[in-house]
Asks: 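Sharing a structure with you now.
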Amino acid sequence: MKLIYRLIIRLSAVLLPILALWAAIFYYAMVEEINDETDDSLEDYAVMIIRRVLTGNELPSSGDRTNNTYSVELLPEGTDTPLQISFRDEKVYIPEKRETEPARVVTIIFADAQHRKYKIEVSTPTFERIDLLQSVLLHIIALYIILTLTIITVTAVIFHYSMRPLYALLKWLDNYHPGKGVDDLPANSNIPEFKKLTKAAHDTIERAEQYMERQKQFIGNASHELQTPLAILSTRIEWIIDNTQLTEEQFAELSKMRQSLHRLVKLNRTLLLLSKIDNGQFPEKKAVDLVEIIENEVEIYKDIYADCGISCTTTLPTRYIVEMNESLATTMVTNLIKNAFVHSELGSNVGITIEKGLLTISNDGEEQLDGTRLFDRFYTSGKKESTGLGLALVKSIATRYGFEIKYAFCNKRHQFSVKMSK
Amino acid sequence: MKLLIIEDDSSLREIMLRALKGEGYVVETASTFFEAEDKIAGYSYDCIMLDIMLPDGNGLRLLEHIKSLGKEDRVIIISARDSLDDKIEGLNLGADDYLPKPFYMAELSARIKSVLRRGTASVNNIMKAGNISLDITSRRTTIDNKEVPLLKKEFDILLYFMQRPNHIVDKAILAEAVWGDHIDMADNFQFIYAQIKNLRKKLADAGADTNIKAVYGFGYKFTDNEK
């Protein structure tokens, strides 16, 4: 999940309950305040009536401008109800409206100078209060939603804006391909954390590049340095074979030595070639006809493997032109075809096709090979004597020209395909 | 025929010296740029084997120097750097051949012969051994002046043998020389046996006085029966 989404989710997880709690507290505080206000006005009204009762003034008619209704009742003598004031909510019949309405009622027991007790009840309908509370609730909910959305949106926008250097750095890292050199760094930020991160990424990649460069140089130099001792060894063995009287045993030993040496020479030569390809030392390109190369190669292999009864079927267009170095094109094709022939059993079949920019070379096989390691240097399937560099070479060349090389095993056939056009 | 070996590695220098002396050449050696420059200034050689990686200078500069002196000496560049650039530069500077290390002595001696032959008779591109003669340009084979039809690969094999008479030729190296870089595995030489068998039969039928001897488990040796 992208960082920004995660941030929004986490922010929401924290903000939603906190804001909801805040809204609830706010709402109950409002309710409390409104009830208080109602009770205060009821009390004031009741006090006004009590005052009139006690002073013997005329009581207000029930049709005055307030919605209040009241009743004053003289309690019988000897009632031991204590003097008190109490509030309650109940349904009250309102004669003017001829219906019952929810109302707030205050009951006060009071006594006059003669110790006669009165009970006064004043009620005020609460529909206005309920309306008010409903409207408060609606506003709080609206505020809650708008506030939450605003906070999250603003955070997301600010986050995205502030993280631009990070995204630039990530893009730069995506564009980096090992061994292809380092692009210019994205425009630097003033934020110390990003500065540090950018520098760390840059340093790491530069170090990796240096190691790779050094490793390439090492392989190249080592292979070069090996050439002279190899030349000495082979010429000396050759001299002994040509110029000395040898027993058959000695001769056999020497020829085995020479064969091993020959393998070593080939190995070294291939390593040199690999290191040259990786160093881009084959810059010259021209239009190469792959079909022509394939046909020549197939001719030679048919010749070589004639006795093994390996058949070869090709489905090729008349021409297939690619822009690449001629000797690398030949090396790539040769290695793939050689691979197919070498790993074919007696009497099996090798197939070569070019279709829609896809060169496929297939041969019969028993079981699937390890596709992930097949193109590694020095990986061999262990069956035949080989350097284990052929396919690594093919891969190296393919990568150089942006071709995609794949291995698949289907219908009991190994298939190597090189995708040459998009 | 007088040769000069310019090579800084003493062991390689010594074995080259020994082998080329064995072939009947007069051979001198130089181990540094300076020494080589000295010898080239003082003497003339038919062919110079030049290692281009010398401790005190680039052999290619030495080649330029040889050419600037207007000398006719043939030059074969020997290099551990099997790089196309060096090869092109070397040949452009007037080298006659380019041999990457490691090489086989038989290969070097064949190249020397070929370079020297070009020097003496540039028009005449004919190889002879016993009563066989090969016309390299027109790829025709004649035995006792009678033409023998050989297939392409048979001709290549015979040419390879004739450039290396009396040397034991490794079948793997022969295969590589004739079929190019297509031979990788040591376990399939059936096709060489077949080719050699056919070639021998054709040569014998035409009355050739040469012999391709099998050296068990190793390869072949081409010999001139007269010797």
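Scope of the values below: all heavy atoms of this structure, side chains included, with no hydrogens, waters or symmetry mates.
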Asks: Should the heavy atoms of other residues, nucleotides or ligands under 6.0 Å from CD of A:Glu299 be counted, would the total exceed 12?
Replies: no
Asks: Using a 4.5 Å cut-off on heavy atoms from C-beta on, say whether the side chain of B:Asp170 contacts that of A:Arg258.
Replies: yes
Asks: Identify the two heavy atoms, one from A:Ile232 and one from B:Ser11, that lie closest to each other, and give their separation to 0.1 Å.
Replies: CG2-OG, 3.2 Å
Asks: Using side-chain heavy atoms (C-beta onward) and a distance below 4.5 Å, is B:Met53 in contact with A:Thr228?
Replies: no
Asks: Please determine whether the number of non-hydrogen atoms from other residues, nucleotides or ligands lying under 6.0 Å from atom CD of A:Glu213 exceeds 12.
Replies: yes
Asks: Please find the pair of heavy atoms, one from B:Tyr104 and one from A:Ser234, that lie closest to each other, and give the distance.
Replies: CE2-CB, 3.7 Å
Asks: CD1 of B:Ile15 to CD1 of A:Ile240: how many Å apart, nearest 0.5 Å?
Replies: 7.5 Å
Asks: Taking side chain as C-beta onward, heavy atoms only, is A:Thr235 less than 4.5 Å from B:Met16?
Replies: no
Asks: Measure B:Lys153 against the heavy atoms of chain A and call it side chain, backbone, both or neither at under 4.5 Å.
Replies: side chain
Asks: Could you have a look at B:Gln195, B:Lys221, B:Glu14 and say which one has the most heavy-atom pairs with chain A under 4.5 angstrom?
Replies: B:Glu14
Asks: Should we count CZ of A:Arg319 as having more than 12 external heavy atoms under 6.0 Å?
Replies: no
Asks: Are more than 12 heavy atoms from other residues, nucleotides or ligands located less than 6.0 Å from atom CD of A:Glu225?
Replies: no
Asks: Could you check whether any side-chain heavy atom of A:Gln227 comes within less than 4.5 Å of a side-chain heavy atom of B:Pro100, counting everything from C-beta outward?
Replies: no
Asks: When rounded to the nearest 0.5 angstrom, what is the spacing between NZ in B:Lys101 and CG in A:Leu226?
Replies: 12.0 Å
Asks: May I ask you to check whether over 12 heavy atoms, not counting those of B:Lys2, lie within 6.0 Å of atom NZ?
Replies: yes
Asks: Please classify the contact of B:Arg18 with chain A as side chain, backbone, both or neither, using a heavy-atom distance under 4.5 Å.
Replies: both
Asks: Side chain, backbone, both or neither: which part of A:Phe251 has a non-hydrogen atom closer than 4.5 Å to chain B?
Replies: side chain
Asks: Any chance you could measure A:Arg236, atom CZ, to B:Met105, atom CE, to the nearest 0.5 Å?
Replies: 11.0 Å
Asks: Sequence neighbours left out, what passes side chain to side chain donor-acceptor pair (under 3.5 Å) with A:Asp364? Give chain and number order.
Replies: A:Arg413
